[in-house]
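Remarks on the structure that follows.
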Amino acid sequence: MGLTGLEIFKQLPKKNCKECGQPTCLAFAMQLAAGKASLDACPYVSDAAREALDSASAPPVALIKIGAGEKAFELGNETVMFRHDKRFEHPTGIAIQVSDNMSADEVKAKVDKVNKLVFDRVGQVHEVNMVAVANDSGDAAKFADTVKLVQDNTAYPLLLTSGDAAAMEKALEVAGANKPVVNAADAGNYEAMVALAKKYEAPLVVKGSDLNSLAETAEKVAALGYKNLILDSGARELSKVIADQTQIRRQALKLFRPFGYPTIAFANNDDAVMESLYASTYVAKYAGIVVVNSAEPEHILPVITLRLNIYTDPQKPIAVESKVYEILDPGPDAPVLITTNFSLSYFCIAGDTEAARMPAYIIPVDTDGISVLTAWAAGKFSPESIADTLKNLGIMDKVNHNKVIIPGGVAVLSGQTAELTGCEVLVGPRESAGINSFFKQQWNQ
Amino acid sequence: MAVTIAKERWTSKVAEEAYGSQGIKVGGETTLPFLQFEGEIPNRPVTALEVFDTEPKDYPDFLREPFADVISDPVAWARKVVELGADMVALRLMSAHPDWNNASAQDVAKTAKAVAEAINVPLIVIGCGVEDKDGEILPVVAEALEGQKALIGCVTANNYKSITAAANGYGHYVIASSPLDINLCKQLNILINEMGLPLDRIAFDPLVGALGYGIEYAYSIMERARMGALTGDKTLATPIVAFIGQEAWKAKEAKDADAPEWGPQGDRAILWEVTTATTFAIAGANIFIMRHPESIKKFNAFVDEAMKSNAY
């Protein structure tokens, strides 16, 4: 990260052999520094130089790919502690756990539930990401059977949890081709677990009993040449998980290499409400993967929703689609409310209109997702854009009146909007909280 | 291999305030939420349950149920929320709203006084939300509550003068409310402070959104404000109030009784309110104004765990 061409050049063989496709080693170094070439193109680079260059150019948190196929996803590449500084790159993977102590029917029923945890929000589909299988039985054959059953019934990547390398081996014989997460290598079993993970090129969780032992085992695993890793500090209590997740992220950003990987946090709790609260907290506090037991939508929807919120890019406003939104089944006499397609503007108005129990049409004008006053100042929320939107959506054909309502903050647009649209323009409240009063005082009369 | 624990060296802290004659303390932390391994968090987040001074119109049945026997009697309702374990009572003077009963300042002040005298916890008094009307009624309420050290709001850029003067004169605290912008938060704190009310008599409300409804905006404002406070910006160092219940119970996910794809309403509605609260707790809020008694139970259970030592 941030190496100059000259710094890279020093590590190269300086043979100027041109086999990389560049005229000289220096030219190749410049391409590397610009991120336009890969070190793999150099046939003569020494292992020591490769190691030095790889680690110097590695991102603070390694990018790790989980699973295979269409439900595969990535973790890592994070660069900040706070989302307002840049943004969180890869949303936390949510894993729901089944146990190999469950009967085949129970496992199937739970996996079916997991498959149905798909929620639509403002036109986007949000879902969980993994099924975790825990080797609670201690029996290798049972573990492999359960893993097979789960794999046959879901497209989600698996997370295989067993401390027993023999059981893990059996499970990987069944599921290894789909690159499940191998959970976990610890101080006692890491050699066997690394060998297995390597064989299947599967991501490997390194588990410590605290941060010190985690760093130690992660170093040993890296020394064996395996860097497709996920970190578990071993903490399971809320306050300790918050502290450890914060430490691991801080250390990773300071380029402390043993912690330069995504993390996993276990929220599993017998009380499903507490479990959901813990999972939401870990989503906000840096966990790459969070594991829970509950597959009930009431416990998972809040976690998925918070993930959606926290992992939005704070520098890029979220937009809703510019279309006719119908609130409470509006009829031809329902009011037509105009706003911008900044999602928060839309949500506030939709929420307050619903709360006022007023069937209505909401028309968000496409302002690239910026808010009413900002869009007005930028000329994106104008009489012209309002008139175009009304016309394109054909909304005035759906109603038996000729009135539209614009936000109070842009009352100044009313005259010209009336001229361009031929509608009677009513000026609504400045804040959406005033909508109820507005309907009572100005619409119902 | 010993890991050198990375600790931030913060130079300042959040203002510590004490409400009510009981002196319930909030604020005072010298680090970010629940990072007690690197600083002091002397006071845990506190909860309040809302009480309406007239029967609320938009409570879904699920939320109405625990208060069914007291919902039209603010004094009985307030006593009940104290029994239910709220650290404070948040009395909402909706009857003053021009669309509700348009009650007079004297009427609402009488109710506020009766509620304050019926409870042994600090009182938060919230106006009807119409800025002009609140500017009229809250000074009268402040006078009626003289000596109660109540937390009064919401004070906005449009009505802060009359309310601030009264709060100062009668020994109360104010909630300064500004819309989702850290500079507006700061500016309003400064305006109020310039009228002579000390900064440690202000708590600020960044107008939070619920889970799924813009929660991330206030989340980041709180994180930024806490970092401001810890690095010495006194005008951002006031405790943070989050109106959790008011927002969470607007969400369909909380109030819809019948939404099978989202699961039964019980845990779903409670989780909508509590997840909104715990998310703001990890961002730095101090005072959590909620609506359902089960929500404060779960929130407190979460805070019990989050406040445990995580020293290295």
Side-chain angles (χ1 to χ4, degrees), chain A residues 82-84 116 119 121 210-216 219 235 237-240 242-244 246-247 250-251 254 256 258-259 271-274 276-278 280-281 284-285 296-299 301-303 305-306 308-310 312 314 343-344 347-348 351-352 354-355 431 433-434 436-437 440-441, chain B residues 1-6 8 32-37 58 97-99 129-130 179-180 209-217 219-221 223-224 227 250-253 261-272 274-275 278-279 282-283 298-299 301-302 305-312:
Chain A
F82 300 100
R83 60 185 290 284
H84 60 255
K116 290 194 186 110
F119 305 99
R121 200 169 180 84
D210 60 18
L211 291 179
N212 294 335
S213 73
L214 176 62
E216 201 172 309
E219 286 248 285
E237 294 163 34
L238 178 66
S239 67
K240 295 215 161 90
I242 294 173
D244 283 358
T246 303
Q247 278 303 321
R250 280 185 186 172
Q251 305 273 359
K254 289 174 193 280
F256 177 66
F259 286 174
D271 181 332
V273 170
M274 295 313 286
S276 174
L277 294 171
Y278 287 10
S280 288
T281 302
K285 288 292 167 192
E296 302 301 328
E298 64 272 29
H299 304 132
L301 181 61
V303 184
T305 308
L306 186 66
L308 160 70
N309 289 158
I310 294 292
T312 54
S343 72
L344 195 54
F347 275 130
C348 288
D352 286 317
E354 245 190 87
E431 304 282 343
N436 192 13
S437 301
K440 284 201 173 125
Q441 288 161 15
Chain B
M1 171 176 204
V3 174
T4 312
I5 298 301
E8 297 286 346
L32 294 172
F34 310 127
L35 302 188
Q36 43 272 27
F37 67 81
D58 56 352
H97 196 293
D99 293 345
V130 175
L180 280 175
L211 175 63
Y213 297 85
I215 195 172
E216 69 273 25
Y217 295 90
Y219 181 86
S220 284
I221 287 174
E223 288 198 327
R224 290 172 63 193
M227 291 169 80
K250 273 190 213 165
K252 296 193 286 290
E253 292 85 346
E261 73 281 16
W262 293 338
Q265 191 181 16
D267 279 1
R268 161 163 55 90
I270 297 304
L271 269 171
W272 219 260
V274 189
T275 304
T278 54
T279 301
I282 60 175
K298 291 294 181 188
F299 179 74
F302 176 93
E305 290 300 317
M307 290 290 286
K308 284 185 179 165
S309 168
N310 51 22
Y312 286 102

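No hydrogens, no waters, no symmetry mates; every other heavy atom, side chains included, goes into these values. Lettering of chains follows the sequences in order, A, B, ..., and the numbering in each one begins at 1. Remember, it's a predicted structure, so these values are computed and weren't measured experimentally.
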Side chain to side chain contact (heavy atoms under 4.5 Å, CB included), that's the test. Do Lys298(B) and Asp271(A) meet it? Break it down for me.
CA-CA 10 Å; Lys298(B) 291 294 181 188; Asp271(A) 181 332; 2.9 Å; yes
Under 4.5 Å to a heavy atom of chain B? For Pro314(A) that would be neither
Okay, Lys254(A) and chain B: the region with an atom under 4.5 Å from a heavy atom over there is side chain
When every non-hydrogen atom of Gly212(B) is compared with those of Asn309(A), the smallest separation belongs to N-OD1, 2.8 Å
If one checks every heavy atom of Phe302(B) against chain A at 4.5 Å, the contacting part turns out to be both
When the 4.5 angstrom heavy-atom criterion is applied to Thr312(A) and chain B, the contacting part is side chain
Between Phe37(B) and Ala243(A), the two heavy atoms sitting closest are CD2-CB, 3.6 Å
Cut-off 4.5 Å, heavy atoms of chain A, and the answer for Trp272(B) is side chain
Review point. How far apart are the C-alpha atoms of Glu298(A) and Ile270(B), what are their side-chain angles, what is the distance that settles it, and do they pass the side chain to side chain contact (heavy atoms under 4.5 Å, CB included) test?
Key: CA-CA 10 Å; Glu298(A) 64 272 29; Ile270(B) 297 304; over 6 Å; no
Residue from Ala6(B), Ala269(B), Ala251(B), Gly214(B) scoring the most non-hydrogen pairs under 4.5 Å with chain A is Ala6(B)
Scanning both residues in full, the closest heavy-atom pair of Ser220(B) with His84(A) reads O-ND1, 3.9 Å
Answer key: most heavy-atom pairs under 4.5 Å with chain A among Thr275(B), Ile5(B), Ile215(B) is Ile5(B)
Less than 4.5 Å apart, any side-chain heavy atom of Asp267(B) and any of His299(A)?
yes
Rounded to the nearest 0.5 Å, the CZ atom of Arg268(B) sits from the OG atom of Ser276(A) at a distance of 13.0 Å
Glu261(B) side chain near Pro297(A) side chain, heavy-atom distance below 4.5 Å: no
Note: vs chain B, highest number of non-hydrogen pairs under 4.5 angstrom among Lys240(A), Arg250(A), Met274(A), Glu216(A) is Arg250(A)
Per-residue tally against chain B (heavy atom, under 4.5 Å) across Glu431(A), Glu237(A), Glu354(A) peaks at Glu354(A)
Polar side-chain atom of Asn212(A) near backbone of Ala2(B) as donor-acceptor pair, under 3.5 Å
no
In this structure, CE of Met307(B) is separated from OG of Ser239(A) (nearest 0.5 Å) by 10.0 Å
Greatest number of non-hydrogen atom pairs under 4.5 angstrom with chain B, of Asn436(A), Val273(A), Val303(A), falls to Val273(A)
* Note, Thr4(B) side chain near Gln251(A) side chain (heavy atom, < 4.5 Å) -> no
Per-residue tally against chain A (heavy atom, under 4.5 Å) across Asp58(B), Val274(B), Val130(B) peaks at Val274(B)
Are Gln247(A) and Val3(B) side-chain neighbours, meaning at least one heavy-atom pair lies under 4.5 Å?
no
Interatomic distance, CG@Leu344(A) vs OH@Tyr217(B), rounded to 0.5 Å, equals 5.5 Å
Q. Quick one: does Glu216(B)'s side chain get under 4.5 Å of Leu308(A)'s, heavy atoms only?
A. no
Honestly, the part of Lys308(B) sitting under 4.5 Å from a heavy atom of chain A is both
If you tally heavy-atom pairs under 4.5 Å between each of Gly351(A), Ala235(A), Ser437(A) and chain B, the highest tally belongs to Ser437(A)
Are the side chains of Phe299(B) and Leu277(A) in contact, using a 4.5 Å heavy-atom criterion?
no
Whatever's closer than 4.5 Å to a heavy atom in chain B on Thr281(A) counts as both
Most heavy-atom pairs under 4.5 Å with chain A, out of Leu211(B), Ile221(B), Thr279(B), belong to Leu211(B)
Taking side chain as C-beta onward, heavy atoms only, is Thr246(A) less than 4.5 Å from Leu35(B)?
-> yes
Q | pair Thr305(A)-Tyr213(B): side-chain heavy atoms closer than 4.5 Å | A | no
Okay, Asp210(A) and chain B: the region with an atom under 4.5 Å from a heavy atom over there is neither
Should Tyr219(B) and Leu306(A) be marked as a side chain to side chain contact (heavy atoms under 4.5 Å, CB included) after you check the CA-CA gap, both sets of side-chain angles, and the distance that decides it? CA-CA 11 Å; Tyr219(B) 181 86; Leu306(A) 186 66; over 6 Å; no
